[in-house]
Number of protein chains: 2
Amino acid sequence: MVTDGEQSGERNRGAVRGGGRWPTVRGTHAAPARATSRDVARAAGVSQATVSLVMGDKWRGRVSEARAEAVRSAARELGYRRNLAARDLRLGRTRTVLLVVPALTNEFFARVYAGAARVAGEQGVGVLLYPSPEGIGPARDPFASARAALDGVIASSMAVDSLAALRAGGLPVVMLDSDPRSAEAAATVNPDIADGMRQVAAHLLSLGHRRFAHLAADVDSWTFRVRARALAEALRDVPDARVVRTEPAALHVDAGRAAAERVLSAPGARPTALVCDDDMLAAGACKAARRLGLRVPDDVSVTGFADLSLATAVDPELTTVRLPAEAVGEAGMRALAAVLDGRPDGAAELPVSLVARDSSGPAARGA
Amino acid sequence: MVTDGEQSGERNRGAVRGGGRWPTVRGTHAAPARATSRDVARAAGVSQATVSLVMGDKWRGRVSEARAEAVRSAARELGYRRNLAARDLRLGRTRTVLLVVPALTNEFFARVYAGAARVAGEQGVGVLLYPSPEGIGPARDPFASARAALDGVIASSMAVDSLAALRAGGLPVVMLDSDPRSAEAAATVNPDIADGMRQVAAHLLSLGHRRFAHLAADVDSWTFRVRARALAEALRDVPDARVVRTEPAALHVDAGRAAAERVLSAPGARPTALVCDDDMLAAGACKAARRLGLRVPDDVSVTGFADLSLATAVDPELTTVRLPAEAVGEAGMRALAAVLDGRPDGAAELPVSLVARDSSGPAARGA
DNA sequence: CAGGGTCGGTTTTACGTATAACGTTGACGC
DNA sequence: GCGTCAACGTTATACGTAAAACCGACCCTG
C-alpha cells in the first residue's frame, strides 16, 4: 500500500545536509534533525497531504478518525512539529506582529508586553517591539527597526500620535489606551480609566477632602485626557469642591516633584489632596511634600495611577489605581488575532480598582 | 537575452492569490503584493540567482560591479525586501533566539531585553522571551512557552540553575551574569560585579565607615556570590573593619525592609553602613531605618546595586552601582550571533561605575 | 596550440508545507 | 444495472530563496 524504499536516497541526503549545515560550536553540537510531515506520513502509512490536514485540524469530513489518530500518534512518536518557516512561506504570512510602546523600561508597558507575549506564545506568533529610544513620546518611524514583514500592529496611543503611518502599510492595527470611538483602529483595548478616577475622587471625598490639585502628565494622549475629564466631572456635583490643575509634568519622579513643590507652595489655601496622573508623579509629590516639611498623609494626601512596584517601594506606600497592564496586553493580542482571522473585534474596556494605602488619609481639619 | 513573456501567467496567478489571501478587514485593505527576487531579476535583466547573490552580499568576485548596481537599483525601485520565511526555509534556520530572564517586570531585565532586542532588530532576528511567571527563580521548562524552533539561547544565570535542559536541545547558549569559567556556555557576558563592589567598599571606607552590614539577596547565583566575596576581600586588609551578613532576603522592597529592621535593631554596636545587593533591598533598608527613627545617611548609610529608576524615586536618592543593563543585552546578542556564525566567542566583562547620591554620608562619630 | 584556471554569470534543485484538483470506492435511488 | 453522490485520500504544485553544479569565454602558460 505504501511505497517504501524508493525514497531512502532522499532521506540520506537530508542527513548529510544536517551534518554540514550546523557548524560545530565548541566541539560537540548535535544536529537536531527534525522530523518532517513526510516522515510522519511514512510512519503512519498515509500521504503527506493527510498529515498536513490532520495537523492543521482541518480534517473534519475529509479523513477518517482511525487514520487521523494514526497520524497523531506517529507525530507524537517522532516528536514532529510543523516547520514554521515552510508554513509561513506557503501561507504568505509572517506570524509576527509589532508592538509599539513608548518604553519597555516603563514598568507599565513591560507588563503590557508580558501579557501580549504570553498570548502570542500560545498562538505561535512572535512579537516584535518598537523600542522608542527617547522614552514617552511619538514614535517617528515605527517600521525603522522592524524591516521584517508584519501581519499586524498593536500600538499604544502614547507612542503614536497618528495612525497614518501605520495604516499606510495596509496592516490591521489594534490600539491600546486610545479613544474607543476612533474609527481608524480595527479594535481598541482600554482600562476603564474614567472609572478609576471616579474611585479616586470618591475615596478622597469620603475622607473629607475638598481642595484638590490635579498633577497632570504632559503627554497629550487619550488616557490622560480622560483622567482630567473624569476628575472634573466627579467633583462637579460637590458644592464646595475645588480643583486646580498644575501645569503638565513629564512622566518622571523629578518632574512630579518640581510640579508638586510649586503647587504646594503657591499662595492661597493649600490643596489637601494631590491627585496624580501616574505613580511616578505621585512619588515625586511625596518627595516634594517632605522637602517642604509637610507630612503625607497628615498634611496632604497623594494618589497615584497604575500601581507600579514603585508604589510600595516609596514611603509612605501610595494609594493608587491598579491598572491591569498584563490584561491589556493579552486582550490586545487576542483582538489582533481575531481581526487577522477576519472576525472584526470591537472596543474592550477592562475593569480597574482603587488600592488604598498610606499616602491618603483624612483631610486636615480647617487647614 | 531574458525570456520575458512566458512567465506572465505565473504572475497573474500571483495577483489573484494576493486578492484572495488577504481578508478584507473593515472594508478597505490593500494587498501588499510584495516584489520577489524574480521580479527584481526581470527588471534588472539578470537571473534570480544573481539577485540572491547581490542581496546576500556574497558577490565579491562573482558578479560585476555594473550588474550588481543594476540589481540594487532595481531592488530599490520595486521596494524589494527578502522574504524571510523563504529564506529561513532554505537555510533551515529560525532567526529566533530565546531570552531566558527571571522577569520582565524587573527593570534590570527589561533593560537587558531592550538592549538585546535592539541588536536583534539590526540583525533581523527575533527575540522570544521565556517569561518566568514566578519572578526570580529557576525556570522549569524553558521551552514550554517556546515550542517554535530556535537558533540559540541567551539565559540569565538567575533564571536557570543548570544548563542541562538547554543543552539537551543542542543549541548554543550564551550566559549572562554567570561564572565566566563555566565551560558549559558558548560565551558569557557579565558586568564587572566585583569591581562595583570594590568601589562601594572604597567609597564607604573613605567616608569613615568601619562597621558594615551586608544585606544579601536570597538568590543563589553567581552575581550575588561575587558581591559577597568582593566585599569581604575589600575589607580584609582594613584592620578595624567588620562586616556582618544578614540572612538572605528575597528581591523585594519589603523583604529588604524586614531584613534591615532586624540587623539595625540587633543587640550590639549598630552598623553604620548597609551594603545591599540590590536597589530594591536598599529601598527597603531606607524604609526600615525611617521606621526605627534613624536618619539616612546621618545615622546609617545605605548603598544599592543596579541603579534602577527606583534609585532616584525614593527619598533620599540611593548611592548605588550602575550596571550597564542594556549593554549586557547587546553584548549577549552579539556574542550569540558570533557563535552562530561559527566564530567562537569568549567571556566579556563590562565596566560598571559607582553613582554617589544622598543615601551615603560620613560615618556617625563614635556611634 | 592544447590544457587548465578564473571570471561572470545561469540553470536547476531543494527546503517543508498547504491546498486545489483529481481519483477511487461503495452505497443508493430508480 | 447504471448514473450520482458522498466519503476518503492522494497527486501535484507553488510559495521565494540560496547555493551547488554547470557553462561559455577569455587568459595564461608551457
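Keep in mind the model is a prediction, meaning the values are calculated, not measured. Reminder, nothing fancy here: chain letters follow the sequence lines and each chain counts from 1. The analysis underlying the following values was restricted to heavy atoms, covering all of them including side chains, and did not include hydrogens, waters or symmetry mates.
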Can you tell me how far the CG atom of B:L84 sits from the CZ atom of B:R93, to the nearest 0.5 Å? 9.5 Å
Round to a whole Å and report the spacing from CG of B:D39 to C1' of D:dT17. 13 Å
Rounded to whole Å, please give me the gap between CG in A:D88 and C1' in D:dT17. 14 Å
Could you check how far CZ of B:R60 sits from P of C:dG9, rounded to whole Å? 16 Å
Can you name the salt bridge (Lys or Arg N to Asp or Glu O under 4.0 Å) partners of B:E69, sequence neighbours left out? B:R72, B:R76
Enter the distance from B:M175:CE to B:S156:OG here, rounded to the nearest 0.5 Å. 7.0 Å
Can you tell me the distance, in whole Å, between the CG atom of A:L89 and the P atom of D:dT17? 9 Å
Check the interface with nucleotides 17-23 of chain C: list each N/O to N/O pair with the protein under 3.5 Å, or write none.
{"unit_1": "C:dT17", "atom_1": "OP1", "unit_2": "A:Y80", "atom_2": "OH", "d": "2.6"}
{"unit_1": "C:dT17", "atom_1": "OP1", "unit_2": "A:N83", "atom_2": "N", "d": "3.2"}
{"unit_1": "C:dT17", "atom_1": "OP2", "unit_2": "A:S37", "atom_2": "N", "d": "2.5"}
{"unit_1": "C:dT17", "atom_1": "OP2", "unit_2": "A:S37", "atom_2": "OG", "d": "2.6"}
{"unit_1": "C:dA18", "atom_1": "OP1", "unit_2": "A:R82", "atom_2": "NH1", "d": "3.4"}
{"unit_1": "C:dA18", "atom_1": "OP1", "unit_2": "A:R87", "atom_2": "NH1", "d": "2.6"}
{"unit_1": "C:dA18", "atom_1": "OP2", "unit_2": "A:S52", "atom_2": "OG", "d": "2.7"}
{"unit_1": "C:dA18", "atom_1": "N7", "unit_2": "A:Q48", "atom_2": "NE2", "d": "3.4"}
{"unit_1": "C:dA18", "atom_1": "N6", "unit_2": "A:Q48", "atom_2": "OE1", "d": "3.1"}
{"unit_1": "C:dA18", "atom_1": "N3", "unit_2": "A:R90", "atom_2": "NH1", "d": "2.0"}

Between the first and last five pairs of the helix from C:dC1-D:dG30 to C:dC30-D:dG1, the angle of the axes, rounded to 10 degrees: 50°
Rounded to whole Å, please give me the gap between CZ in A:R67 and C1' in D:dA7. 13 Å
Stepwise, does the side chain to side chain contact (heavy atoms under 4.5 Å, CB included) test hold for B:M55 with B:Y80? CA-CA 10 Å; B:M55 299 311 289; B:Y80 170 71; 3.8 Å; yes
Going through the distances and angles, do B:V97 and B:M333 end up as a side chain to side chain contact (heavy atoms under 4.5 Å, CB included)? CA-CA 9 Å; B:V97 306; B:M333 192 61 223; 4.1 Å; yes
Could you go step by step and tell me if A:V153 and A:V174 meet the side chain to side chain contact (heavy atoms under 4.5 Å, CB included) rule? CA-CA 6 Å; A:V153 179; A:V174 170; over 6 Å; no
Where do B:I154 and B:L176 land on the side chain to side chain contact (heavy atoms under 4.5 Å, CB included) test, with the steps shown first? CA-CA 7 Å; B:I154 303 177; B:L176 309 181; 3.8 Å; yes
Taken to the nearest 0.5 Å, the spacing of B:R111 CZ from B:E326 CD works out to 4.5 Å
